[in-house]
Structures are given as structure tokens and as C-alpha cells.
Amino acid sequence: MRRPLVLWATAISSALLAYRFYRLPAPLGNDVQLGAAVDPDKAEGPHQHRRRKCDEHAKWVAKMVALHNATLVLTVDRKGCANFTNLQKAIDAVPDHSSSRTLITLDAGVYAEKVVVWSNKTGVTLQGRGNLASVVAWNDTANSTTGGGTFASATLSVLADGFAAHNVSVQNTARPASPGEAGGQAVALRVAGDKAAFHLCGFYGAQDTLLDERGRHLFRGCVVEGSIDFIFGDARSLYLGCTISSVANAGEDGASEVTGSVTAHGRASAAERTGFAFVRCSVVGTGRVWLGRAWGPYATVVFARCHFDDVVAPGGWNDWNEPGRQQTAFFAEYDCTGPGAANVTRRVPYAKQLDQREAAPFMDLSYIDGDQWGLPPMLGGVAVASADVI
Ligand SMILES: *[C@@H]1O[C@H](CO)[C@@H](O)[C@H](O)[C@H]1NC(C)=O
Ligand SMILES: *[C@@H]1O[C@H](CO)[C@@H](O)[C@H](O)[C@H]1NC(C)=O
Ligand SMILES: *[C@@H]1O[C@H](CO)[C@@H](O)[C@H](O)[C@H]1NC(C)=O
Ligand SMILES: *[C@@H]1O[C@H](CO)[C@@H](O)[C@H](O)[C@H]1NC(C)=O
Ligand SMILES: *[C@@H]1O[C@H](CO)[C@@H](O)[C@H](O)[C@H]1NC(C)=O
Ligand SMILES: *[C@@H]1O[C@H](CO)[C@@H](O)[C@H](O)[C@H]1NC(C)=O
Ligand SMILES: *[C@@H]1O[C@H](CO)[C@@H](O)[C@H](O)[C@H]1NC(C)=O
């Protein structure tokens, strides 16, 4: 069955039409809903209203198609203007082991779903309409996954290589566990594929928000909110221009008690090449946090040119109650500012202050070999919203 090629293509300047569009085998996914409910309050007829709504959606999709070099485009919304009303259905429609790119647009709305990008769904770009505008939310915890544990609690799991996301947020809305309460770990994003890039995204949760498990990853201009170990795993990742927000409890004995940690890096041996690098990020929020705890003996975490509010504990770092790790962990800062960085003489003795030459390898895309795949989308050769970062 032949289908007309891409209706929205007319809206794109021909110079940008370096894209090929493929047809998927008919019939379309059974999730396609073209007869969805319309707003009865509008003076105009329901059909005109729906068309107008869908025109706006189609225009936005056309812009995003122009921005990304994708071979296949799949659209998701909650209004009945798109191919799917559910993100997982769109992921399932991505060709297996594809070497070309599939763009999935996610219109504004809250998608109450637990989503998995299986390892065979390679080369997906997920484009939303803004952090907090396009939201994927679920509320599993280590407890509620019946045996699956913390890793299985993720709202969005990215197991495939070559994933990119722009302008979406991922939330785990489970009730935050009380300090010391077991089973309340609640992951928003789990990323275990290689070469994954997140631009202008948000990750919201409490304990264990972002499982940065393995592979090379970029987080650019993102917000990460959490309390304990809320960026954890054994990946090699660059966090560029991100806002790291602590929602740890303020602590019983006032501001001095440390109730959380930004990172828990899991590097197990000297032979691994993993680490978390934070560049031009700010650490803000409520409860006191360490910059990192040595989850793995060779935990490697660097904060360079960052701003620390006074939520950063004066000691800075924690050895996970394993004093032996003080010799093997690499916990370092370079040229950070703000109240939480004002008096580094109070840092634990094994924390390092780097000089420019020592910090340089952690400070750009080469740290994650991301000089190609880590770049923001280009429109007419100009980076979109690259602005101050990179
Ligand atoms: C998605 O929707 C567009 C616009 O209605 C249509 O042209 C395209 O064929 C659909 N694609 C799939 C895979 O259903
Ligand atoms: C677009 O993608 C195709 C293959 O998917 C690639 O050959 C081409 O170089 C890409 N173009 C740009 C401008 O990135
Ligand atoms: C893709 O992965 C899913 C989940 O692991 C599996 O069910 C499916 O069979 C895989 N497809 C192929 C073609 O391997
Ligand atoms: C991201 O969303 C913001 C707010 O809606 C918008 O101004 C910006 O252009 C978007 N950028 C990208 C790359 O999607
Ligand atoms: C998730 O939300 C549902 C609906 O509000 C609720 O019934 C369930 O107990 C919640 N699960 C967890 C683990 O918080
Ligand atoms: C998880 O389950 C354990 C054992 O049933 C229970 O003690 C604990 O309170 C639960 N935690 C949460 C956050 O529900
Ligand atoms: C820095 O911390 C040290 C050790 O706690 C303290 O003696 C010193 O007065 C502090 N300096 C400033 C400027 O706060």
C-alpha cells in the first residue's frame, strides 16, 4: 500500500531536504488515533478546531525534522494529531539495529509510562517541546519492582547505543524514602547504551535519580534533581552547563548535617576508563550534600569551573566508610566558585585541587570521544541553542 510521502515536507525549505523518508509497512500501529475528542467549548466547528490544533503540531514537527538528520520520523502526542499517543509504541516502531537515525517527536504533555529503549533500537533521537513541557513520568521504586531492584525502577531505560534526547524531562514521582528506609530508591533515567547525548533535559526524583550506568554520555544544559547518590553508575560522562539540585532533607541539627550526595561513581579498578566530569555546572538546592561518595574503590569525579551554593558540605567528599578508598578514588575540583567552594582548606585531605593542565582532559567533548555525536543539532551549519555551553 502506497502512502503519500511526508505532508509536512512542504513547510521545509528545499535546502534542508537532505532527508529521506521511509514508509513503514501498513497498517499503522493500532495506537494511531485520528478521531480523538475535541474541545466542545470552541465557537468554531470541532473539525476546524482540530485541524488548527494539528496544523500547529505539524508545523512544530516540520521544524524538528529540519533540525535533525533523520531517516524515519515518528510523532507522539496526546491530542490525536500524531502517529502515536504513547511513547513506548513509537520506540517499538523503530527499526531494529538501524544504522540510520529515527526522530521521535514528543509533543507537550505528561506521558505516564514506563519506557524502555531496548538495545536493538539504535539511533533514536527523542525531541520534546521543553524540559517540563514534555514529561515522561512513572513511580516505581526498588521495592515495587518485585525483585528487579533499583535498576528496574527506572521510568526511562536507554539500553541502545546512539540515543539522543532534546528538551524532555523524565521523572520518578515515587514518594521520597525517609533517610535510612530501605527500598525507596527510585530511578528516573537509566542509561546503559554507548554514545548517548541529552540536551536541555530534566531528570527529577529523590534517591538515585540518574543511573548513569555505563557507556560514554553527554548531559548538556540539563537539570538533575535528587537527594542521595542521585547521579550514580560507572559510565564515562560529561555534564556540561547543568544545574544539579539537591532535594535532600535539610538535616536534624540544622544545616551542618550531610544528608545526601550528588554522585556515587562505581569505578571498580584502575584499568577502567570511567568517570564523571562536571564542567560549568551549578550545585544548588536544600539539604547538605557531598560532591561524591566512593561507591567503587576507583570512583572518579571532577568538578571544573562549577558554582557551589552552600549546600555543598565543607568536607566535599566521602569514602563510603571504606578508608582504603581514600588512596584509590580520584575526587577533584578545578577553579570552582561560590559559598560551597570558598574554603577548600576544609575539604577531606584526599580531595584534589587540579591546575589547568590537569583539569583540561576532563573539560570538553574529547573526554567522551564526543566530538561528532555530542554536538547539538545544526540548522544551516549553525548550532541550535548551543549558546554559552561548548
Ligand atoms: C505518521 O504521520 C504522518 C502524518 O500524518 C504520516 O504522513 C506518516 O505516514 C505516519 N507515519 C507512520 C510511520 O505511521
Ligand atoms: C545525514 O545522515 C546520513 C545517513 O543517515 C549521512 O550519510 C549524512 O552525512 C548525514 N548528513 C548530515 C548533514 O549530517
Ligand atoms: C529487540 O529486543 C526486544 C527486547 O529485548 C526483543 O523482544 C526483540 O525480539 C528484539 N528484536 C530483534 C529483531 O532482535
Ligand atoms: C527547547 O525548549 C525551549 C522552551 O520551549 C525552546 O525555547 C527551545 O527552542 C527548545 N530547543 C530545542 C533544541 O528543542
Ligand atoms: C504509584 O502511583 C500509583 C497511583 O497513584 C499508586 O497506586 C502506587 O502505590 C504508586 N507506587 C509507588 C511505588 O509509589
Ligand atoms: C520496602 O519494603 C520493605 C520490606 O517490606 C519495607 O520495610 C520498606 O519500608 C519498604 N520501603 C518503601 C520505601 O516502601
Ligand atoms: C577555612 O576553614 C578553616 C578550617 O576549618 C578555618 O580555620 C578558616 O578560618 C576558614 N577560613 C575562612 C576564610 O573561612
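Just so we're clear, the structure is a prediction, and the values are computed from it rather than from any experiment. We number each residue from 1, following the sequence as shown. Counting starts at 1 for both ligands and their atoms, in listed order.
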Check E358 with K352, please: is the shortest side-chain N to carboxylate O separation under 4.0 Å?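 No, K352 and E358 are not salt-bridged.
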R214 with D234: basic N within carboxylate O range, under 4.0 Å: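 Looking at R214 and D234, the cut-off is not met.
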Can L74 be said to touch ligand 1, with heavy atoms closer than 4.0 Å?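 Yes, L74 has heavy atoms under 4.0 Å from ligand 1.
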Evaluate the side-chain proximity of V76 to K89: yes if any heavy-atom separation is below 4.5 Å, no if none is.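 Side-chain contact under 4.5 Å: no.
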Check each of T173, T209, N172, N131 against Y204 using the side chain to side chain donor-acceptor pair (under 3.5 Å) test, and report the only one that passes.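 Result for side chain to side chain donor-acceptor pair (under 3.5 Å) with Y204: N131.
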Contact between ligand 4 and R129 is defined here as a heavy atom of the residue under 4.0 Å from a ligand atom; is it met?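 Contact check R129 vs ligand 4: positive.
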Hey, is Q127 one of the residues with a heavy atom under 4.0 angstrom from ligand 4?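 Judged by the 4.0 Å heavy-atom criterion, Q127 does count as contacting ligand 4.
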Of the options R51, K63, R129, which is the one that meets E56 in a salt bridge (Lys or Arg N to Asp or Glu O under 4.0 Å)?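 Looking at R51, K63, R129, the match for E56 under the salt bridge (Lys or Arg N to Asp or Glu O under 4.0 Å) is R129.
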Heavy atoms of the protein only: does one fall short of 4.0 Å from atom 4 (C) of ligand 5?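 Under the 4.0 Å cut-off, atom 4 (C) of ligand 5 has no protein heavy-atom neighbours at all.
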Heavy-atom protein contact below 4.0 Å for atom 14 (O) of ligand 5: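 Yes, there is one.
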Distance filter under 4.0 Å to N139 heavy atoms, resulting ligand 5 atoms: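 Going through ligand 5 atom by atom, the ones under 4.0 Å from N139 are 1 (C), 2 (O), 3 (C), 8 (C), 10 (C), 11 (N), 12 (C), 13 (C), 14 (O).
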Closer than 4.0 Å to some heavy atom of S144 - which atoms of ligand 5 meet that?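 Under 4.0 Å from S144, ligand 5 has these atoms: 13 (C).
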Compare N167, L200, V168 and give the one whose heavy atom is closest to atom 6 (C) of ligand 4.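 Selected option, by shortest heavy-atom distance: N167.
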Looking at G130, which atoms of ligand 4 are within less than 4.0 Å of one of its heavy atoms?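 Near G130, the atoms of ligand 4 are 2 (O).
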Suppose I only count heavy atoms of N83 and a 4.0 Å limit; which atoms of ligand 1 are within that range?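 In order of numbering, the contacting atoms are 1 (C), 2 (O), 3 (C), 8 (C), 10 (C), 11 (N), 12 (C), 14 (O).
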If only side-chain N and O atoms count, and only distance matters, is there a donor-acceptor pair under 3.5 Å linking S366 with D364?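 Result is yes, a qualifying pair exists.
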Please tell me whether F303 and F308 form a close aromatic pair, meaning their ring centres lie under 6.0 Å apart.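 Between F308 and F303, which both carry aromatic rings, the centre distance is below 6.0 Å.
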